Amino acid sequence: MNIDEKFKNTQISVIGAGSWGTSLANLLAVKGFKVKLWCFEDEVFSSIKSKRENTVYLPEIRLSKNIIPDTSLENVLEGTNLVILVVPSHVMRETLERIKPFATDEMIFISASKGIENNTYKTMTQIIEEILGVDPSKSGVLSGPSFARELGELKPTVVTVASDNLDTAVYVQKVFASTYFRVYTSEDPIGVEVGGAVKNVIAIASGVVDGMKLGLNARAALITRGLVEIRRIGLAMGANPHTFSGLSGVGDLILTCTGSLSRNHTVGFKLGEGKKLDNILKEMRMVAEGIKTAKSVYNLGKKLDIELPICEEIYNVLYNGEKPERSVLKLMTRRLKNEIDSNIEN
């Protein structure tokens with residue numbers, strides 16, 4: 001799919017050269033855009049520049065020559081009008097502080113990172129608006145069921161881009177859309193972000209179930225009740241309930257809870273096998289967002305006074321040394337109740 005004439009002058013910068021940032025940059029570059037890609041690590045920069053491959057985070061995927069890697073934020077942001085932020089959620093704030101001197105009123109900022117900040121409980125778009133003073137109409141989020149490797153292999157992928165301003169969402173939709181990357185629009189950035197962030201916590205729980213060999217019945221129940229918890233948080237934060245039936249809700253949840261490429265599921269699986277979290281993290285170079293998000297979700301649940309039993313048990317396993325077997329028993333022996341929440345909008 002060629003670039004639409006209306007978008008040929010779009011200058012795009014991707015901030016973050018992990019697996020997902022690299023895949024998104026390559027998608028746009030293959031489409032014909034010149035894409036400036038900010039690399040935090042010299043090793044990643046050198047690999048992309050000399051080998052046209054991100055050997056650290058996305059090995060064996062040939063990258064387009066239209067990707068221009070750089071380690072200077074000033075260089076990457078110069079002259080750009082669309083900024084795609086793909087850094088780990090726990091460094092989003094400090095990255096935006098570094099971006100701030102080079103930000104202009106012409107720039108649109110789209111988060112492709114999934115997480116909720118630990119101490120403020122803010123989503124990524126809320127942090128963008130706070131640090132950069134960006135009007136909500138010029139920010140948004142891109143999320144959905146999407147493994148970086150499969151996108152890198154040009155396999156069909158479908159996601160949602162959400163912004164308070166539908167025109168912004170449509171603009172980003174048309175920039176990204178290709179024959180193998182279909183993009184829907186939404187005007188519910190909060191709902192899309194909550195779905196993308198909290199599903200990582202549920203994916204750790206799903207991995208625990210699989211690591212303990214508890215069976216497919218248990219995993220299906222876990223995913224279903226996990227969606228209830230995602231929805232509770234979203235509604236408490238003002239999201240549209242229908243968002244959680246979509247790509248960034250149930251779609252992303254199913255993928256991350258069942259796919260072998262999921263880092264969060266992998267962490268949970270190893271916990272379910274009896275391994276210690278510290279040892280698991282030593283074996284991983286890429287970030288499993290659900291670990292830090294579990295702390296945010298746990299505390300946010302207390303603040304909002306909402307019931308999040310699965311997320312609470314994952315917090316206990318990760319941060320309080322709870323045995324997974326004990327957490328499963330507690331979940332299975334909770335007070336019996338009606339399946340449908342009566343105190344929230346359906």
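Values reported hereafter were calculated over all heavy atoms of this structure, with side chains retained and with hydrogens, waters and symmetry mates removed. Please read these numbers as outputs of a predicted model, since none were measured by experiment.
To the nearest 0.5 Å, atoms CG (Asn264) and CD1 (Ile314) are separated by 10.5 Å. Once rounded to the nearest 0.5 Å, the distance linking CD1 of Ile202 with CD1 of Ile254 reads 13.5 Å. We find the CG-CD1 distance between Leu37 and Ile12 to be 12.0 Å, quoted to the nearest 0.5 Å. Here CD1 of Ile99 is found 13.0 Å from CD of Glu74. Values are rounded to the nearest 0.5 Å. Rounded to the nearest 0.5 Å, atoms CG (Asp341) and CZ (Arg231) are 7.5 Å apart. Between atom OG of residue Ser50 and atom CZ of residue Phe45 there is a gap of 9.0 Å, rounded to the nearest 0.5 Å.
The main-chain N or O of Pro59 is found under 3.5 Å from a side-chain atom of Arg149 such that the two form a donor-acceptor pair. Looking only at distances, no side-chain donor or acceptor of Lys100 sits under 3.5 Å from a matching main-chain atom of Thr95. A donor-acceptor pair under 3.5 Å is formed between the side chain of Asn66 and the backbone N or O of Ala29. Between the Asn320 side chain and the Glu322 main chain, no donor and acceptor come within less than 3.5 Å of each other. Side-chain atoms of Ser47 come within 3.5 Å of backbone N or O of Thr55 as a donor-acceptor pair. Between the Lys31 side chain and the Ala177 main chain, a donor and an acceptor come within less than 3.5 Å of each other. When atom types are taken as modelled, the side chain of Ser146 and the backbone of Gly144 share a donor-acceptor pair closer than 3.5 angstrom. Distance alone, capped at 3.5 Å, places no donor-acceptor pair between the Trp20 side chain and the Ala148 backbone. Of the possible polar contacts, none joining the Thr160 side chain to the Ser248 backbone as a donor-acceptor pair under 3.5 Å is found. Judged by distance alone, the side chain of Arg232 and the main-chain N or O of Glu307 form a donor-acceptor pair under 3.5 Å.
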For the pair Lys155 and Glu153, evaluate salt bridge (Lys or Arg N to Asp or Glu O under 4.0 Å) and give the outcome as yes or no after the intermediate values.
-> CA-CA 6 Å; Lys155 292 179 178 177; Glu153 294 169 349; 3.2 Å; yes
Verdict with reasoning, Asp188 to Ser186, per side-chain hydrogen bond (donor to acceptor under 3.5 Å, both in side chains) | CA-CA 5 Å; Asp188 182 26; Ser186 167; 5.2 Å; no
For Met124 and Ser89, run side-chain contact (heavy atoms from CB on, under 4.5 Å): C-alpha distance rounded to whole Å, both residues' side-chain angles, the deciding distance at 0.1 Å, then the answer.
-> CA-CA 7 Å; Met124 299 301 101; Ser89 60; 3.7 Å; yes
Test log, rule side-chain contact (heavy atoms from CB on, under 4.5 Å), inputs Glu53 and Ile48 | CA-CA 5 Å; Glu53 179 185 349; Ile48 295 174; over 6 Å; no
Show your working on side-chain hydrogen bond (donor to acceptor under 3.5 Å, both in side chains) between Thr293 and Asn200 and close with a plain yes or no.
-> CA-CA 8 Å; Thr293 301; Asn200 284 330; 5.4 Å; no
Worked verdict on Phe176 versus Val161 for side-chain contact (heavy atoms from CB on, under 4.5 Å) = CA-CA 10 Å; Phe176 272 94; Val161 61; over 6 Å; no
Could you go through the side-chain contact (heavy atoms from CB on, under 4.5 Å) check for Val87 and Ile15 one step at a time?
-> CA-CA 7 Å; Val87 297; Ile15 310 300; 4.2 Å; yes
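The 12-atom threshold is exceeded at CD of Glu97, counting heavy atoms of other residues, nucleotides or ligands nearer than 6.0 Å. Around CG of Asp105, the count of heavy atoms belonging to other residues, nucleotides or ligands within 6.0 Å does not exceed 12. Counting heavy atoms of neighbouring residues, nucleotides and ligands inside a 6.0 Å radius, atom NZ of Lys303 does not exceed 12 of them.
Between Ala103 and Leu132 the shortest heavy-atom distance is CB-CD2, 4.4 Å. Closest approach of Ile223 and Leu253 over heavy atoms only: O-CD2, 3.4 Å. Shortest non-hydrogen contact noted between Leu308 and Gly301 is CD1-CA, 3.6 Å. A pairwise comparison of heavy atoms in Gln126 and Thr123 identifies OE1-N, 2.9 Å as the closest pair. In plain terms, the two heavy atoms of Glu229 and Cys311 that are nearest each other are OE1-N, 3.1 Å. A pairwise comparison of heavy atoms in Gly191 and Ala239 identifies CA-CB, 3.5 Å as the closest pair.
Sorted by first and then second residue, the side chain to side chain donor-acceptor pair (under 3.5 Å) pairs with a member in residues 106-120 read Arg93-Glu117, Thr104-Glu106, Lys114-Asp252, Glu117-Thr120, Asn118-Ser296; sequence neighbours excluded. Within the structure, no pair that satisfies the ring pair (Phe, Tyr, Trp, His ring centres under 6.0 Å) test touches residues 108-146, not counting sequence neighbours.
There is no side-chain donor-acceptor pair under 3.5 Å between Ser163 and Tyr171. Asn54 and Thr22 share a side-chain donor-acceptor pair at under 3.5 Å.
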Pairs under 3.5 angstrom only: tabulate donor-acceptor contacts from the side chains of residues 209-217 to other protein residues two or more places apart or in another chain.
unit_1: Asp210; atom_1: OD2; unit_2: Arg219; atom_2: NH1; d: 3.1
unit_1: Asp210; atom_1: OD2; unit_2: His265; atom_2: NE2; d: 2.6

Less than 3.5 Å apart, which donor and acceptor atoms pair up between the side chains of residues 266-281 and the rest of the protein, not counting sequence neighbours?
unit_1: Thr266; atom_1: OG1; unit_2: Ser262; atom_2: O; d: 2.8
unit_1: Lys270; atom_1: NZ; unit_2: Glu283; atom_2: OE1; d: 3.1

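Residues Leu85 and Ile127 share a single hydrophobic cluster, defined by chaining ILVMFWY side chains whose heavy atoms lie under 4.5 Å apart. Residue Val250 is not grouped with residue Leu235 when hydrophobic side chains (ILVMFWY) are merged at heavy-atom distances under 4.5 angstrom, including chains of intermediate members.
Clustering of Ile, Leu, Val, Met, Phe, Trp and Tyr by side-chain heavy atoms under 4.5 Å joins Tyr184 with Val158, Leu247. Cluster partners of Leu166, using a side-chain heavy-atom cutoff of under 4.5 Å among ILVMFWY residues and allowing indirect links, are Val170.
Remark: Arg62 engages Arg52 in a side chain to side chain contact (heavy atoms under 4.5 Å, CB included) (not counting sequence neighbours). By the side chain to side chain donor-acceptor pair (under 3.5 Å) test, Ser139 pairs with Glu129, sequence neighbours left out. Taking Ser13 as the reference, Thr80 meet the side chain to side chain donor-acceptor pair (under 3.5 Å) condition, with sequence neighbours excluded. Every residue two or more places apart in sequence or in another chain that forms a ring-ring contact (aromatic ring centres under 6.0 Å, His included) with Tyr315 is listed here: Tyr298, Tyr319. Residues meeting the side chain to side chain contact (heavy atoms under 4.5 Å, CB included) test with Leu154, sequence neighbours left out: Tyr180. Take Glu313 and apply the side chain to side chain donor-acceptor pair (under 3.5 Å) test, not counting sequence neighbours, and it matches Ser327, Lys330.
Contact annotation: the side chain of Glu187 never approaches that of Asn240 to less than 4.5 Å [non-hydrogen atoms, C-beta and beyond].
Of the options Ile110, Val159, Leu151, a side chain to side chain contact (heavy atoms under 4.5 Å, CB included) to Leu24 is made by Leu151 and by none of the others.
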